[in-house]
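Since the structure comes first, as structure tokens, the remarks are kept for the end.
Note that the coordinates shown come from a computational prediction; the quantities given were computed from them, not determined experimentally.
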Amino acid sequence: MKQKWSNILLIAGSGQNSGKTTFICRLLESLSDYRPITVKISRHFYEPTPGLKALVDEENYQLFEETNLETRKDSSRYLQHGATRSFYIQARDQQLQLAFMALLPYLEAEQPILIESAAMHHIIDAGLFILIIREDGEQKPSTEINKKVADLLIYSDGQQYSPTPDHLIFDSEWKIKS
């Protein structure tokens, strides 16, 4: 059975450029009083860029903390928009649970945690799982499955959202504004 994490908002998208990062940045701006933490998860391995501080470096997963506020990388943009800490994980799907376990010592139970990942809903039971769907974009094969398990579908053109980020509320747990 998956562990419940009421303070985690899990964000996935229907494909690249669906608007996930912009949505998260807009949401972060309204959460500054809560000291939000962000996590970007990728199944692709890239050479670490300046500002990524290695916390764990295993063969099939790596955990970094972003320290550079001056780049256009998602993890840096999260810091620019109000995240108090921003982490970046590179992990193969089979190692995602181990990577998440390595992240746990850096997370706070009372803080809102926003995780950008399409695969994490297999590992944890997040407070809310939202799927951002780019209506005019190419959709990943997992989109249809994710539509069935997401708590909220958000439609996007990459800049505008329906519903908008202010429909999400954090009050020790994630909720959808009615």
Side-chain angles (χ1 to χ4, degrees), residues 5 7-56 61-91 96 99-100 102-103 106-108 111-121 124 126-140 143 146 150 152-170 174:
W5 293 86
N7 65 322
I8 291 181
L9 175 65
L10 190 55
I11 302 104
S14 59
Q16 284 188 313
N17 300 315
S18 59
K20 300 178 299 287
T21 301
T22 300
F23 185 90
I24 292 169
C25 288
R26 289 184 186 167
L27 186 55
L28 283 168
E29 291 170 356
S30 69
L31 294 171
S32 59
D33 292 344
Y34 294 99
R35 302 178 45 242
I37 295 172
T38 58
V39 183
K40 164 90 176 183
I41 298 177
S42 174
R43 65 174 49 156
H44 306 288
F45 282 72
Y46 301 102
E47 192 63 34
T49 55
L52 284 178
K53 177 180 153 189
L55 302 175
V56 177
Y61 71 92
Q62 296 172 311
L63 169 62
F64 300 94
E65 182 167 6
E66 180 64 74
T67 62
N68 188 345
L69 277 81
E70 305 300 320
T71 75
R72 296 188 44 80
K73 295 182 312 186
D74 293 353
S75 54
S76 181
R77 288 180 61 198
Y78 297 152
L79 290 171
Q80 294 165 18
H81 285 86
T84 56
R85 296 183 86 177
S86 184
F87 297 94
Y88 176 61
I89 292 174
Q90 298 181 135
L96 189 52
F100 182 70
L103 175 68
Y106 303 97
L107 302 181
E108 300 286 336
Q111 288 176 276
I113 300 167
L114 295 80
I115 300 179
E116 181 185 329
S117 168
M120 275 302 291
H121 72 90
I124 64 167
L128 286 177
F129 173 36
I130 64 169
L131 178 64
I132 299 176
I133 300 169
R134 175 90 182 230
E135 295 180 288
D136 61 349
E138 195 172 314
Q139 296 191 358
K140 296 186 280 190
T143 298
N146 287 340
L152 180 65
L153 302 179
I154 297 176
Y155 294 90
S156 168
D157 64 4
Q159 292 297 316
Q160 302 298 315
Y161 302 92
S162 179
T164 57
D166 64 356
H167 279 78
L168 299 175
I169 303 166
F170 182 79
W174 287 100

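Put simply, the residue from L10, I11, N146 that forms a side chain to side chain contact (heavy atoms under 4.5 Å, CB included) with L131 is N146.
A distance-only check finds a donor-acceptor pair linking the side chain of T143 to the backbone of K140 [under 3.5 Å]. Looking only at distances, no side-chain donor or acceptor of S14 sits under 3.5 Å from a matching main-chain atom of Q139. Under a 3.5 Å cut-off, the side chain of Q80 and the backbone N or O of L69 do form a donor-acceptor pair. Between the side chain of T67 and the backbone N or O of L52 there is no donor-acceptor pair closer than 3.5 Å. The closest donor-acceptor contact from the side chain of N7 to the backbone of Q111 lies under 3.5 Å. In this structure a side-chain-to-backbone donor-acceptor pair under 3.5 Å is missing from R43 to A91. Not one N or O on the side chain of R77 forms a donor-acceptor pair closer than 3.5 Å with the backbone of C25. Y34 contributes a side-chain N or O that, together with a main-chain N or O of F170, makes up a donor-acceptor pair within less than 3.5 Å.
Among all heavy-atom pairs drawn from A12 and S117, the shortest one is CB-O, 3.6 Å. Here the closest non-hydrogen pair linking T71 and S76 is OG1-CB, 3.0 Å. A pairwise comparison of heavy atoms in N68 and L79 identifies O-CD1, 4.5 Å as the closest pair. The two residues Y78 and K40 come nearest to each other via the heavy atoms CE1-CB, 4.3 Å. Q159 approaches Y161 most closely through the heavy-atom pair O-CE1, 3.3 Å. Scanning all heavy atoms of the two residues, the minimum distance from S18 to G13 falls at OG-CA, 3.6 Å.
Within the 4.5 Å cutoff, the side chain of S156 has no heavy atoms near those of the F23 side chain. Inter-residue side-chain proximity for F87 and I41 is flagged as unmet; no heavy-atom pair is nearer than 4.5 Å.
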Starting from the C-alpha separation in whole Å, work towards a yes-or-no answer on side-chain contact (heavy atoms from CB on, under 4.5 Å) for I130 and L168. CA-CA 10 Å; I130 64 169; L168 299 175; 4.1 Å; yes

Going through the checks in order, is the side-chain contact (heavy atoms from CB on, under 4.5 Å) test met by W174 and L114? CA-CA 10 Å; W174 287 100; L114 295 80; 4.1 Å; yes

Report the C-alpha separation of L27 and L9 in whole Å, then their side-chain angles, then the decisive distance to 0.1 Å, and conclude whether the side-chain contact (heavy atoms from CB on, under 4.5 Å) test is met. CA-CA 11 Å; L27 186 55; L9 175 65; 3.4 Å; yes

Using side-chain contact (heavy atoms from CB on, under 4.5 Å), reason through I37 and Y106 one step at a time and then give a plain yes or no. CA-CA 9 Å; I37 295 172; Y106 303 97; over 6 Å; no

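Here the straight-line distance linking atom CD1 of I89 with atom CG of L96 works out to 7.0 Å at 0.5 Å rounding. Taking CZ from R134 and CD from Q16, the interatomic distance works out to 11.5 Å, rounded to the nearest 0.5 Å. Here the CE atom belonging to M120 is positioned 4.5 Å from the CZ atom belonging to F100, to the nearest 0.5 angstrom. With rounding to the nearest 0.5 Å, the separation of OG in S162 from NE2 in H167 is 8.0 Å. The structure places CG of L152 at 9.0 Å from CD1 of I132, a figure rounded to the nearest 0.5 Å. Distance check: E116 CD to T21 OG1 gives 4.0 Å after rounding to the nearest 0.5 Å.
The aromatic rings of H121 and F129 lie parallel to each other, with less than 30° between the two planes, well short of the 60° mark.
The list of salt bridge (Lys or Arg N to Asp or Glu O under 4.0 Å) pairs with a residue in residues 26-37, not counting sequence neighbours, is empty. For residues 63-73, the pairs satisfying salt bridge (Lys or Arg N to Asp or Glu O under 4.0 Å) are E65-R85, E66-K73, with sequence neighbours left out.
Remark: the S86 side chain and the T38 side chain contain an N/O donor-acceptor pair separated by less than 3.5 Å.
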